**Q** 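Quick one: the structure is below, and I'll ask about it shortly.
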Amino acid sequence: MFDFYQNHSLKQYNTFHLNVTSKNFLRLNTKEGWTLFCETQKNKFSIDDILILGGGSNILFLNDVEALVVHPAMHGIQIVDETADHTMVEADAGVIWDDLVEWTVRNGLGGLENLSLIPGCVGASPVQNIGAYGTEAKNTISLVNGIDLIDGKTVELDNASCQFGYRNSIFKTSHKNLLITSVVFKLSKHPEFKLSYGQLMTEVEKLGTVDLRNVRQAVINIRQSKLPDVREIGNAGSFFKNPVVDAEIAEQLKQAFPEMPVYKAAGNQTKLAAGWLIEQAGWKGYRSGDMGVYDKQALVLVNYGNATGRDIYELSEKIMKSVFEKFGVELEREVNVVKE
Ligand code: FAD
Ligand code: EPU
């Protein structure tokens, strides 16, 4: 039901490959494991004493971790309901995200194919509402199931209750104490493809017919050409979010920098490309010791070997300062920084 370790290395549990240790590490093999583990403990936990860790592909550790690390390792995928047009698929929190995408494509179900090859586990997918190539997890998530780590109660949230936004959800605000145990996705038996993002359509056409397998493969091909392979170079994907600013501010910037990419966002807002801003500020390909900015994608900070979390954090501070000085735009980190 659970395994408990002390002074457990987290090097294999974070894609920056930072050499940090967890004082107390709890692997949950079933969702009942949490209640059973709590029965072995004298004191109750507060949420500040706990860190939920999936695949560690969106986390930067600055130190060894004092908090209890809870790692969900439930691995099931099952069909829970079906209509003429849709199949409801429940995936446990510990399922590797891309294994789920591969499973849906193999079973002819549409909705997740544009999210191919995103690292990490299913349990984290609603937390920042993962997105890529013109879609976001919120477009297919029907239900999120979890356990309140403080009172032990099970919780079920429908899509609207999750308050999904760009790289945001209720799990980052009022529901930080929820351990997501499984997610139910509503997938289409008659996939409609979203191919308008960047070069996706061209890449699919190179592969032949427009079908689920080719869309998945095209996304994989584009991603592999731009993003570092986490098995070779430590990184956590986009280190910063793309800034969303008032349309008037974007317009002023566009006059000063006519070649700057801009995307219409909700309301009277415009999304800017953080990668472009960082590149223009001169950081693309920067390297100092083992830390740096990836040479094919300036939004990705990298650890070439023995950089520390603090090195990477300090680099991110310098980048934020220089982008602000050049453009007056504040970058916000996407990566979760664990400071303790
Ligand atoms: P972790 O890093 O372990 O955790 C992330 C956050 O979620 C933490 O706050 C953690 O406490 C919380 N959390 C994790 N599991 C649970 C759970 N079961 N219940 C409650 N809270 C939980 N992201 C995108 O959106 N789009 C991309 O295209 C993309 N590309 C990437 C490319 C690369 C090369 C890398 C390294 C990362 C990329 N990412 C991308 C970021 C990352 O893959 C996603 O954020 C992913 O969902 C993180 O999953 P994880 O299991 O590794 O989460
Ligand atoms: N750009 C540059 N220089 C760079 C990088 C990008 O000029 O070094 C420009 C590109 O030329 C393009 C624009 O910025 O005009 C956007 O670039 P891209 O399409 O590569 O996307 P992104 O904004 O850099 C976002 C997500 C990625 C997601 C891709 C594809 C964020 C923070 N990042 O990146 O998500 O995979 O789009 O949809 O929204 C992640 O969240 O970790 C992540 C990798």
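For clarity, every value in this text was computed on a predicted model and none was experimentally measured. Hydrogens, waters and symmetry mates are skipped; everything else that's a heavy atom, side chains included, is used. Whatever order the structure lists ligands and atoms in, that order sets their numbers, starting from 1.
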**Q** Determine whether any heavy atom of K172 lies closer than 4.0 Å to an atom of ligand 1.
**A**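 Contact check K172 vs ligand 1: negative.
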
**Q** Out of G120, G134, A273, A298, whose heavy atom is nearest to atom 14 (O) of ligand 2?
**A**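 Closest candidate by heavy-atom distance is A273.
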
**Q** Check each atom of ligand 2 against the heavy atoms of P261 and keep those under 4.0 Å away; list them by number with element.
**A**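 Result: 15 (O).
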
**Q** Kindly confirm or rule out an N or O of N58 lying under 3.5 angstrom from an N or O of ligand 1.
**A**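 Yes; the residue has a nitrogen or oxygen that sits under 3.5 Å from a nitrogen or oxygen of the ligand.
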
**Q** Among all protein heavy atoms, pick the one closest to atom 5 (C) of ligand 1 and tell me residue, atom and distance.
**A**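 The closest heavy atom on the protein side is N336 ND2, 3.7 Å.
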
**Q** Just which atoms of ligand 1 are under 4.0 Å from any heavy atom in G120?
**A**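 Checking each atom against G120, I get 49 (O), 50 (P), 51 (O), 52 (O).
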
**Q** Does Y263 come within less than 4.0 angstrom of ligand 2, counting non-hydrogen atoms of the residue?
**A**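 Yes; Y263 lies near enough to ligand 2 that a heavy-atom distance drops under 4.0 Å.
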
**Q** For atom 32 (C) of ligand 1, state which one of E334, K226, R223 supplies the nearest heavy atom.
**A**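 The nearest heavy atom belongs to R223.
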
**Q** Quick one: which ligand 2 atoms are inside 4.0 Å of a heavy atom on G237?
**A**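 Contacts of ligand 2 toward G237, numbered from 1: 42 (O).
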
**Q** Between Y13 and F25, does the ring centre distance come in under 6.0 Å?
**A**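 Yes, the ring centres sit under 6.0 Å apart.
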
**Q** Do D246 and Q269 have side-chain N/O donor and acceptor atoms under 3.5 Å apart?
**A**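 The answer is yes; a qualifying pair exists.
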
**Q** Any idea which protein heavy atom is nearest atom 35 (C) of ligand 1, and the distance to it?
**A**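 For atom 35 (C) of ligand 1, the nearest protein heavy atom comes out as G237 N, 3.2 Å.
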
**Q** Any luck finding a side-chain donor-acceptor pair between T308 and D311 under 3.5 Å?
**A**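 Side chains of T308 and D311: pair found under 3.5 Å.
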
**Q** Are there protein heavy-atom neighbours of atom 11 (O) of ligand 2 below 4.0 Å?
**A**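 It does not; no protein heavy atom is within 4.0 Å.
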
**Q** Ignoring hydrogens, just give me the one of L60, I50, I52, N129 whose non-hydrogen atom is nearest atom 17 (C) of ligand 1.
**A**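 Selected option, by shortest heavy-atom distance: I52.
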
**Q** Hey, can you tell me if H8 and Y5 have their rings parallel, tilted or perpendicular (30° and 60° cut-offs)?
**A**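 Ring orientation, 0 to 90° scale: parallel.
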
**Q** Aromatic rings F327 and W276: how do their planes relate, parallel, tilted or perpendicular, breaks at 30° and 60°?
**A**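 It falls in the tilted class, 30° to 60°.
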
**Q** Atoms of ligand 1 less than 4.0 Å from G56 heavy atoms?
**A**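 Taking each heavy atom of G56 in turn, ligand 1 has 1 (P), 2 (O), 3 (O), 50 (P), 52 (O) under 4.0 Å.
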
**Q** Provide, to 0.1 Å, the distance between atom 14 (C) of ligand 1 and the closest protein heavy atom, together with that atom's residue and name.
**A**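 Looking only at protein heavy atoms, the one closest to atom 14 (C) of ligand 1 is A124 CB, 3.6 Å.
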
**Q** When you measure from atom 12 (C) of ligand 1 to each heavy atom in V127, N177, I233, which option holds the nearest one?
**A**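 Looking at heavy atoms only, the winner is V127.
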
**Q** Provide, to 0.1 Å, the distance between atom 34 (C) of ligand 1 and the closest protein heavy atom, together with that atom's residue and name.
**A**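 Protein heavy atom at minimum distance: N235 OD1, 3.4 Å.
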
**Q** For F239, is the NZ or CZ atom of R333 found under 6.0 angstrom from the centre of its six-membered ring and inside 45 degrees of the ring axis?
**A**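 Negative - R333 is either too far from the ring of F239 or too far off its axis.
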
**Q** Of the backbone atoms (N, CA, C, O) and the side-chain heavy atoms from C-beta on, which set of L299 has a member under 4.0 Å from an atom of ligand 2: side chain, backbone, both, or neither?
**A**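 Side chain only.
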
**Q** Would a search of protein heavy atoms around atom 17 (O) of ligand 2 find one under 4.0 Å away?
**A**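 No, because not a single protein heavy atom sits under 4.0 Å from atom 17 (O) of ligand 2.
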
**Q** Can you tell me the protein heavy atom closest to atom 23 (O) of ligand 2 and the distance?
**A**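 Looking only at protein heavy atoms, the one closest to atom 23 (O) of ligand 2 is N242 ND2, 2.8 Å.
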
**Q** Any N or O of Q128 that comes nearer than 3.5 Å to an N or O of ligand 2?
**A**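 For ligand 2, there is no N or O atom that lies under 3.5 Å from one belonging to Q128.
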
**Q** If you take the centroid of each ring, where Trp contributes its six-membered ring, are F37 and F4 closer together than 6.0 Å?
**A**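 They qualify: ring centres under 6.0 Å apart.
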
**Q** Are any of the N or O atoms of G55 closer than 3.5 Å to those of ligand 1?
**A**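 Yes, G55 has an N/O under 3.5 Å of an N/O on ligand 1.
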
**Q** Would you check whether E334 has a nitrogen or oxygen atom less than 3.5 angstrom from a nitrogen or oxygen atom of ligand 2?
**A**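 Yes, E334 has an N/O under 3.5 Å of an N/O on ligand 2.
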
**Q** Using distance alone, decide if ligand 1 has a nitrogen or oxygen within less than 3.5 Å of any nitrogen or oxygen in G131.
**A**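 By distance alone, the answer is yes.
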
**Q** List every atom of ligand 2 that sits less than 4.0 Å from any heavy atom of K226, numbering the atoms from 1 in the order shown and giving each element.
**A**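 Under 4.0 Å from K226, ligand 2 has these atoms: 20 (O).
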
**Q** Can you list the atoms of ligand 1 that are under 4.0 Å from a heavy atom of I59?
**A**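 By the 4.0 Å cutoff, the relevant atoms are 2 (O).
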
**Q** Show me which atoms of ligand 2 lie under 4.0 Å from any heavy atom of F240.
**A**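 The atoms of ligand 2 under 4.0 Å from a heavy atom of F240 are 32 (C).
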
**Q** For the 3.5 Å polar cut-off, considering only N or O atoms, please tell me whether S238 and ligand 2 meet it.
**A**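 Yes; at least one N/O pair falls below 3.5 Å.
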
**Q** Specify side chain, backbone, both or neither for P119, according to which of its non-hydrogen atoms lie closer than 4.0 Å to ligand 1.
**A**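 Contact part for P119 vs ligand 1: both backbone and side chain.
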
**Q** Give the residue, atom name and distance (to 0.1 Å) of the protein heavy atom nearest atom 7 (O) of ligand 2.
**A**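 The answer is W276 CD1, 3.3 Å.
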
**Q** Of all the atoms in ligand 2, which lie at a distance below 4.0 Å from a heavy atom belonging to R223?
**A**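 By the 4.0 Å cutoff, the relevant atoms are 36 (O).
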
**Q** Please compare L53, D98, L115, I130 and report which has the shortest non-hydrogen distance to atom 47 (O) of ligand 1.
**A**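 Among L53, D98, L115, I130, the closest heavy atom to atom 47 (O) of ligand 1 comes from I130.
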
**Q** Using the six-membered ring of Y133, assess whether NZ or CZ of K194 lies under 6.0 Å from its centre and within 45 degrees of the ring axis.
**A**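 No, a cation-pi geometry is absent between K194 and Y133.
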
**Q** Quick test of your reading of the structure: of Q128, M74, K176, R167, whose heavy atom lies closest to atom 44 (C) of ligand 1?
**A**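 Selected option, by shortest heavy-atom distance: Q128.
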
**Q** Within the 3.5 Å criterion, strictly below it, is a donor on S322 or W283 matched to an acceptor on the partner's side chain?
**A**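 The answer is yes; a qualifying pair exists.
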
**Q** So, 4.0 Å and heavy atoms of L178: is ligand 1 close enough to count as a contact?
**A**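 Yes; L178 lies near enough to ligand 1 that a heavy-atom distance drops under 4.0 Å.
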
**Q** Under 4.5 Å between side-chain heavy atoms, counting indirect links through other Ile/Leu/Val/Met/Phe/Trp/Tyr residues: same cluster for M320 and M291 or not?
**A**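 Hydrophobic grouping puts M320 with M291.
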
**Q** For atom 38 (O) of ligand 2, find the nearest protein heavy atom and state the residue, atom name and distance (0.1 Å precision).
**A**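 The closest one turns out to be Y133 N, 2.7 Å.
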
**Q** At under 4.0 Å between heavy atoms, which part of I180 makes contact with ligand 1: side chain, backbone, both or neither?
**A**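 Both backbone and side chain.
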
**Q** Indicate, as side chain, backbone, both or neither, the part of I118 found under 4.0 angstrom from ligand 1 when only non-hydrogen atoms are considered.
**A**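 I118 to ligand 1: side-chain contact only, backbone stays beyond 4.0 Å.
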
**Q** Ignoring hydrogens and geometry beyond distance, is a side-chain donor-acceptor pair present between S182 and N145 at under 3.5 Å?
**A**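 Present: a donor and an acceptor within the cut-off.
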
**Q** Would you kindly specify which portion of A132 sits under 4.0 Å from ligand 1, judged on non-hydrogen atoms: side chain, backbone, both or neither?
**A**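 Answer for A132: side chain.
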
**Q** Should you measure from each heavy atom of R167, which atoms of ligand 2 turn up under 4.0 Å away?
**A**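 Here the atoms of ligand 2 in question are 26 (C), 27 (C), 31 (C), 33 (N), 35 (O), 39 (O), 40 (C), 41 (O), 43 (C).
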
**Q** Before giving the answer on side-chain contact (heavy atoms from CB on, under 4.5 Å), spell out for L28 and V70 the whole-Å C-alpha distance, their side-chain angles and the decisive distance to 0.1 Å.
**A** CA-CA 7 Å; L28 295 181; V70 180; 3.7 Å; yes

**Q** Could you say whether the N/O atoms of S125 and ligand 1 ever approach to under 3.5 Å?
**A**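 N/O-N/O distance under 3.5 Å: no.
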
**Q** Pull out every atom of ligand 2 sitting under 4.0 Å from any heavy atom of K284, numbered as shown with elements.
**A**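 So the answer, numbered in order with elements, is 3 (N), 4 (C), 8 (O).
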
**Q** Under a 4.0 angstrom heavy-atom cut-off, which atoms of ligand 1 come close to P72?
**A**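 Within the 4.0 Å cut-off of P72, ligand 1 contributes 18 (N).
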
**Q** May I ask whether Y294 places a heavy atom under 4.0 Å from ligand 2?
**A**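 Flag not set, Y294 not near ligand 2.
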
**Q** Heavy atom to atom 29 (C) of ligand 2, shortest distance: which of F239, Y197, W283 holds it?
**A**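 Ranked by closest heavy atom to atom 29 (C) of ligand 2, first place is Y197.
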
**Q** Below a 4.0 angstrom heavy-atom separation, can you tell me which part of V230, side chain or backbone, both or neither, approaches ligand 1?
**A**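 Just the side chain.
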
**Q** Please could you name the atoms of ligand 1 that A236 approaches to less than 4.0 Å, counting only its heavy atoms?
**A**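 Near A236, meaning under 4.0 Å from one of its heavy atoms, ligand 1 has 35 (C), 36 (C), 37 (C).
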
**Q** Around atom 24 (O) of ligand 2, find the nearest protein heavy atom and jot down its residue, atom name and distance.
**A**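 In this structure, atom 24 (O) of ligand 2 has Q297 NE2, 3.0 Å as its nearest protein heavy atom.
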
**Q** Quick one: look up the protein heavy atom nearest atom 48 (C) of ligand 1 and list residue, atom name and how far away it is.
**A**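 The protein heavy atom lying closest is S57 OG, 3.2 Å.
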
**Q** Under a plain distance cut-off of 3.5 Å, with no hydrogens placed, do Q128 and N168 share a side-chain donor-acceptor pair?
**A**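 No - no donor-acceptor pair under 3.5 Å links their side chains.
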
**Q** Scan side-chain atoms only and decide if D85 and T83 contain a donor-acceptor pair under the 3.5 Å cut-off.
**A**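 Absent: no donor and acceptor within the cut-off.
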
**Q** Atoms of ligand 2 less than 4.0 Å from A132 heavy atoms?
**A**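 Listed by number with element, the hits are 36 (O), 38 (O).
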
